[in-house]
Amino acid sequence: MKKFPIAKSRRIRSTSFSKRVESHGVKAYTVYNHMLLPTFFTSLEEEYHHLKQHVQLWDVSVQREIEISGSDSSELVQLMTCRDLSNAKPGICYYAPLVDLYGGLINDPLIYKLETNKWRVCIADSDVLLFAKGIAESRSLNVKIFEAKIDILAVQGPKSLKLMKKVFGEKISDLKFFRFDFFEFNNIKYLISRSGYSKQGGYEIHIENLEAGLDLYDHFFKIGSEFNLKPGAPNLIERIEGGLLSYGNDMDIGDNPLECGFDKYVNLESNIVFLGKENLIRIKKEGIKKKLMGVKIEGKSISLTEGKLMLNSNNQELGELRSAAYSPKFNKIVGIAMVKKDFCKINEKFQIKLDNSIVSGEICNLPII
Ligand code: THG
């Protein structure tokens, strides 16, 4: 397949690490939140194996942080999400679906409460800044909303703790999954969360001093060879197997959080106020008509770049393939599909047309095990 380079411009923003990533040999970028996101350096498959055995450093600055502060900031953050944040505490990461008036998914960020009236919404790929500003204006809320000048490095993989200890000291061992705290390197303080877009474990370093961040990046590679540290990026194969959803790929504004399996983050019983609450209550009562499921498909390669790929059975469409990649673990294609409710059964068989030939597949759970 012919490949086309991305023409860079001011609209397609670089991160403070783009030059570093390029000197380390990035092979392809995608665009996410109007910004460059590396996709791989060697190959998806090589990096998949490396990520599961060693440790990687990722430039995930595209996970932009929308800062919301002011006396009405908690009200605004709660208005945007169906997850009950009324008891949210600083130091904890909250994965929270953002929904519109109709219950349609706007984004699926990690939300960090920094202090009583200061939040950071670390977003997936959609313009949450505009959504937040629209709500704040229409309700005359006393808030300040802006995209923070923060870039993020993720350290991911089974050796991430050992590497992080060498840089930030023994204290990092105390940090539990989905918690955040402040740690120092070279007299600079960093907010670090034990989180990241892989199932291999790791940390995300939120960098405000972008100059110092470059030194940190170089320091990692100076000391990382004993852990076989390599540059990397969110890995398509690993994240599909792990069931980590990708906004804009697996789900979008035409899907609601119940269809995406976010049930435990849809808190309809509590007395919180958020947009779309009435509609989500109705949707839950009526029952959803489709749901995100895992799929396994016979085949060695797949490309989702040209139009929709439908799952069929007996001349009936039973779902739409939203993400897919060849998995060396299963020696099959693995994917995430939005499947009509009647067909959301484990081992349910289907056919799919790939490259003009019809191949078979079956529905499975997420994560794919
Ligand atoms: N890290 C941070 N911000 C982000 C992402 C991230 N913002 C955009 C995007 N990624 C949001 N999407 C996800 C998807 C899954 C997870 C995090 C962000 C995730 N899920 C865990 C899981 O499914 O196993 C845990 C969920 C839970 O326990 O609540 O980690 O990667 N900062």
Side-chain angles (χ1 to χ4, degrees), residues 15 30-35 37-39 51 56-67 77 80-85 88-89 91-99 105-114 119-129 131 147-148 150-157 160 175-181 190-208 232-236 238-252 255 257 260-267 292 294 322-323 336 365-369:
T15 83
T30 185
V31 174
Y32 189 106
N33 284 324
H34 317 277
M35 197 175 218
L37 172 63
T39 53
L51 173 62
Q56 298 181 351
L57 190 66
W58 300 354
D59 175 11
V60 285
S61 305
V62 298
Q63 298 169 2
R64 301 310 292 164
E65 306 204 23
I66 307 305
E67 185 165 313
V77 172
M80 295 196 293
T81 180
C82 53
R83 180 165 182 180
D84 185 349
L85 295 178
K89 289 170 191 59
I92 301 179
C93 310
Y94 296 92
Y95 187 38
L98 307 190
V99 290
L105 202 63
I106 292 279
N107 202 287
D108 66 328
L110 283 196
I111 298 180
Y112 300 77
K113 183 178 187 176
L114 297 196
W119 301 74
R120 288 198 190 127
V121 182
C122 193
I123 62 172
D125 186 21
S126 73
D127 295 317
V128 172
L129 179 78
F131 185 60
E147 188 190 283
I150 296 175
D151 282 359
I152 304 180
L153 288 177
V155 175
Q156 298 286 301
S160 55
L175 192 63
K176 297 200 166 54
F177 183 65
F178 263 41
R179 300 292 148 126
F180 69 88
D181 206 340
Y190 294 92
L191 190 163
I192 298 179
S193 49
R194 187 160 168 189
S195 56
Y197 201 63
S198 88
K199 285 288 202 180
Q200 307 311 314
Y203 300 83
E204 292 180 306
I205 309 163
H206 304 250
I207 297 161
E208 297 191 57
N235 185 277
L236 181 65
E238 196 271 347
R239 76 103 183 146
I240 291 174
E241 286 180 0
L244 296 175
L245 301 181
S246 166
Y247 188 81
N249 287 315
D250 303 319
M251 69 288 192
D252 59 31
D255 308 308
C260 301
F262 289 145
D263 303 56
K264 65 174 166 171
Y265 311 121
V266 183
N267 303 136
L292 284 180
R322 299 262 173 106
S323 289
I336 296 171
N365 274 322
L366 285 174
I368 302 171
I369 45 171

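Counting starts at 1 for both ligands and their atoms, in listed order. Quick note: residue numbers are just sequence positions, from 1. Because the structure is predicted, anything quoted here is derived from the model rather than measured. Note: hydrogens, waters and symmetry copies are ignored here, and every other heavy atom, side chains too, is used.
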Should Pro97 and Thr81 count as side-chain neighbours, where that means a heavy-atom distance under 4.5 Å?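 With C-beta onward as the side chain, the pair touches.
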Is it the case that more than 12 heavy atoms not belonging to Leu114 sit under 6.0 Å from its CG atom?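 Result for CG/Leu114: enclosed.
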State, without any angle test, whether Tyr112 and Ser193 hold a side-chain donor-acceptor pair at a distance under 3.5 Å. yes
Looking at residues at least two apart in the chain, or sitting in another chain, which of them share a side-chain hydrogen bond (donor to acceptor under 3.5 Å, both in side chains) with [X]?
X      : answer
Glu208 : none
Glu65  : His206
Asp108 : Tyr95

Under 3.5 Å: N or O atoms of ligand 1 paired with protein N or O:
unit_1: ligand 1; atom_1: 1 (N); unit_2: Gln63; atom_2: OE1; d: 3.2
unit_1: ligand 1; atom_1: 1 (N); unit_2: Glu204; atom_2: OE1; d: 3.0
unit_1: ligand 1; atom_1: 1 (N); unit_2: Glu204; atom_2: OE2; d: 3.0
unit_1: ligand 1; atom_1: 3 (N); unit_2: Gln63; atom_2: OE1; d: 3.4
unit_1: ligand 1; atom_1: 7 (N); unit_2: Cys122; atom_2: O; d: 2.9
unit_1: ligand 1; atom_1: 12 (N); unit_2: Asp108; atom_2: OD2; d: 3.4
unit_1: ligand 1; atom_1: 24 (O); unit_2: Lys199; atom_2: NZ; d: 2.3
unit_1: ligand 1; atom_1: 29 (O); unit_2: Tyr265; atom_2: OH; d: 2.5
unit_1: ligand 1; atom_1: 31 (O); unit_2: Tyr197; atom_2: N; d: 3.4
unit_1: ligand 1; atom_1: 32 (N); unit_2: Tyr112; atom_2: OH; d: 3.1
unit_1: ligand 1; atom_1: 32 (N); unit_2: Glu204; atom_2: OE1; d: 2.8

